[in-house]
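Structure first, then comments.
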Amino acid sequence: MSDMFDLDAPTLSRYVMKNTKDPELVILLNSLATSFKLIASAVGRAGVAKLYGLAGEVNSTGDDQKKLDVMSNDMMINALIHSGVCCVLVSEENEDPIIVPADKAGKFCVAFDPLDGSSNIDCNVSVGTIFSVYERKDGSVNDLLRSGADCICAGYCCYSSAVELVFTFNGGTVEGFCLDPTIGEFIHTRIDMKFPADGGKRIYSCNEGNYIHWDKPIQDAVSVFKSGVDGEPYTARYVGSMVADIHRTLLYGGVYIYPADKKSPKGKLRCLYEGIPMALIIEQAGGIASTGYFQGKIGRVAELVPDAIHCKCPIIMGGPRDVGVIYDCYKKAGVET
Ligand code: P6P
């Protein structure tokens, strides 16, 4: 390698081909990467191009759509439809699934939140895209209403000080790719990402404005975080953008929670394109992705089977040390963990 240039750049395409030998997966990941580059460009130029503010529409979640929500969504839908390897698409921004025309249809079904955290976009806080990929069974939306066990690829792209793509093939390792804007390629920069072996930084990440709605074990756990464990104090960090909060949790340690509560009995975050993909990333990096007490038990987010494309799920995701604090509070409340 010369001082300035990598003569053997470890690109996204090279990684996918080497690890899957599936050219159609290479095409899929490259199509996703193209949309991430387009979104990164739009997000980065939002101020100059007057892209802040509302688009004047409401999405499937009932959120006011930002101009960038609509643009990011269109960028992903167009890239995936014209990839020639997708048959069904589900987006947070679309009430109904998108069935790809037969002449362009392929073997993958993709669910995505094109610009998660976009309520932060007008003040330049990090945002991201989250996606999950399943293989076609009958080419209907039912192909996406399956648990994480059937998800073949899951990941996110974080648009921040750097543009970083993190994903895993089910059962595989978690890998990170940073966008090199000088060549427009995602370069393999983090290999086999794992939670810090010692648990890392003691960080809890949640919206404490929901405290009064939480179940008592969750309230107790956050109180424990505030008072410290074994004399070690915790730090509170909450971006309000799941991709940023999960990315920090994975790299630094800690726990991110958005639990079911009295206000949101099934949680706030979406199962198919937020919960399940993030759960696969977290678990395959050595963490725990739990629903907390939900549907009569403490379960794994990755085991949930979405009953509708926009259904919600509770989220407790982090390293074993810190999720363990929450489980201890459930045990004290008589809940089996
Ligand atoms: P709250 C953004 O709207 C999002 O879906 C996630 O990215 C984020 O973690 C969460 O909701 C923030 O929700 O209720 O704290 O604003």
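No hydrogens, no waters, no symmetry mates; every other heavy atom, side chains included, goes into these values.
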Any donor-acceptor pair under 3.5 Å from Glu185 side chain to Leu12 backbone: no
Rounded distance [0.5 Å steps], CE in Met278 versus CE in Met317: 7.5 Å
Step-by-step side-chain contact (heavy atoms from CB on, under 4.5 Å) determination, Asp22 to Phe169: CA-CA 12 Å; Asp22 182 344; Phe169 292 119; over 6 Å; no
Minimum heavy-atom distance Pro196-Leu251, with the two atoms named: CG-O, 3.8 Å
Near-ring test Phe186/Phe167, centroid separation under 6.0 angstrom: no
Hydrophobic cluster membership, Tyr256 vs Tyr204, 4.5 Å side-chain cutoff: no
Note: Arg270-Asp116 ion pair, threshold 4.0 Å (strictly below): no
Other residues, nucleotides, ligands: >12 heavy atoms within 6.0 Å of Tyr238 OH: yes
Flag if over 12 foreign heavy atoms under 6.0 Å of NZ, Lys297: no
Heavy-atom side-chain proximity of Glu175 to Val166 below 4.5 angstrom: no
Interatomic distance, Met76 atom CE to Ile98 atom CD1 [nearest 0.5 angstrom]: 10.5 Å
Mutual orientation of the aromatic rings belonging to His188 and Tyr15 [parallel < 30°, tilted 30-60°, perpendicular > 60°]: perpendicular
Shortest non-hydrogen contact from Gly117 toward Val127: O-CG1, 3.3 Å
From CA spacing to verdict: side-chain contact (heavy atoms from CB on, under 4.5 Å), Phe108, Ser83: CA-CA 10 Å; Phe108 298 119; Ser83 70; over 6 Å; no
Side-chain (His310) to main-chain (Asn94) donor-acceptor, under 3.5 angstrom: yes
Distance (rounded to the nearest 0.5 Å) between Ile315 CD1 and Cys206 SG: 14.0 Å
Any donor-acceptor N/O pair, Asn30 side chain to Val26 backbone, under 3.5 Å: yes
Audit row: Tyr330, Ile218, side-chain contact (heavy atoms from CB on, under 4.5 Å) steps and yes/no: CA-CA 8 Å; Tyr330 272 117; Ile218 298 291; 3.6 Å; yes
Check: Ser126 and Asn120 side chains under 4.5 Å, non-hydrogen atoms: no
Neighbour count >12 (heavy atoms, 6.0 Å) for atom CZ, Arg300: yes
same_hphob_cluster(Ile152, Val16) at 4.5 Å side-chain heavy-atom cutoff: yes
Val335 with Val323, same ILVMFWY side-chain cluster at under 4.5 Å: yes
pair Glu208-Lys226: side-chain heavy atoms closer than 4.5 Å: yes
Exam field: side chain Asp150 to backbone Tyr134, donor-acceptor pair closer than 3.5 Å: no
Main-chain N/O of Arg14 paired to Thr11 side chain as donor or acceptor, under 3.5 Å: yes
Heavy-atom closest contact (Arg146 atom, Asn142 atom, distance): CG-O, 4.0 Å
Within-4.5 Å side-chain heavy-atom neighbours: Ile281 and Tyr156: yes
Side chain to side chain, Val70 and Asp74, heavy atoms closer than 4.5 Å: yes
Any donor-acceptor pair under 3.5 Å from Ser41 side chain to Lys37 backbone: no
Cluster check Val243, Leu115: I/L/V/M/F/W/Y, side chain < 4.5 angstrom: no
Arg136 backbone acceptor or donor facing Asp143 side chain under 3.5 Å: no
Taking every non-hydrogen atom, the tightest pair across Gly319 and Phe195: N-CE2, 3.4 Å
Asp180 (side chain) donor-acceptor with Thr182 (main chain) under 3.5 angstrom: yes
Electrostatic pair Arg321:Glu232 at N-O distance under 4.0 angstrom: no
Validation row: Leu272, Ser132 side chains within 4.5 angstrom (heavy atoms): yes
Check: Ser264 side chain, Asp261 main-chain N or O, donor-acceptor pair, under 3.5 Å: no
Lys194 atom NZ, over 12 foreign heavy atoms within 6.0 Å: yes
Same apolar cluster (I L V M F W Y, side chains within < 4.5 Å links), Val133/Tyr273: no
Atom of Asp215, atom of Ala260 and distance for their closest heavy-atom approach: OD2-O, 4.4 Å
Residue Lys107 excluded, over 12 heavy atoms near NZ under 6.0 Å: yes
Between CG on residue Asp307 and SG on residue Cys271, distance to nearest 0.5 Å: 8.5 Å
Heavy-atom side-chain proximity of Thr235 to Lys201 below 4.5 angstrom: no
Side chains of Tyr234 and Asp322, donor plus acceptor under 3.5 Å: yes
Residue Lys18 excluded, over 12 heavy atoms near NZ under 6.0 Å: no
Spacing of Ser13 atom OG and Leu29 atom CG [to the nearest 0.5 Å]: 8.5 Å
Nearest heavy-atom neighbours spanning Thr291 and Pro314: O-CB, 3.2 Å
Non-hydrogen side-chain atoms of Ile326 and Pro259 separated by less than 4.5 Å: no
Test log, rule side-chain contact (heavy atoms from CB on, under 4.5 Å), inputs Phe225 and Ser205: CA-CA 10 Å; Phe225 291 138; Ser205 182; over 6 Å; no
Residue pair Thr129 / Tyr159, side-chain donor-acceptor N/O under 3.5 Å: yes
Distance, nearest 0.5 Å, that separates SG of Cys313 from CG of Leu304: 6.0 Å
Residues Tyr258 and Asn210: side-chain donor-acceptor under 3.5 angstrom: yes
Any donor-acceptor pair under 3.5 Å from Asn170 side chain to Gly148 backbone: yes
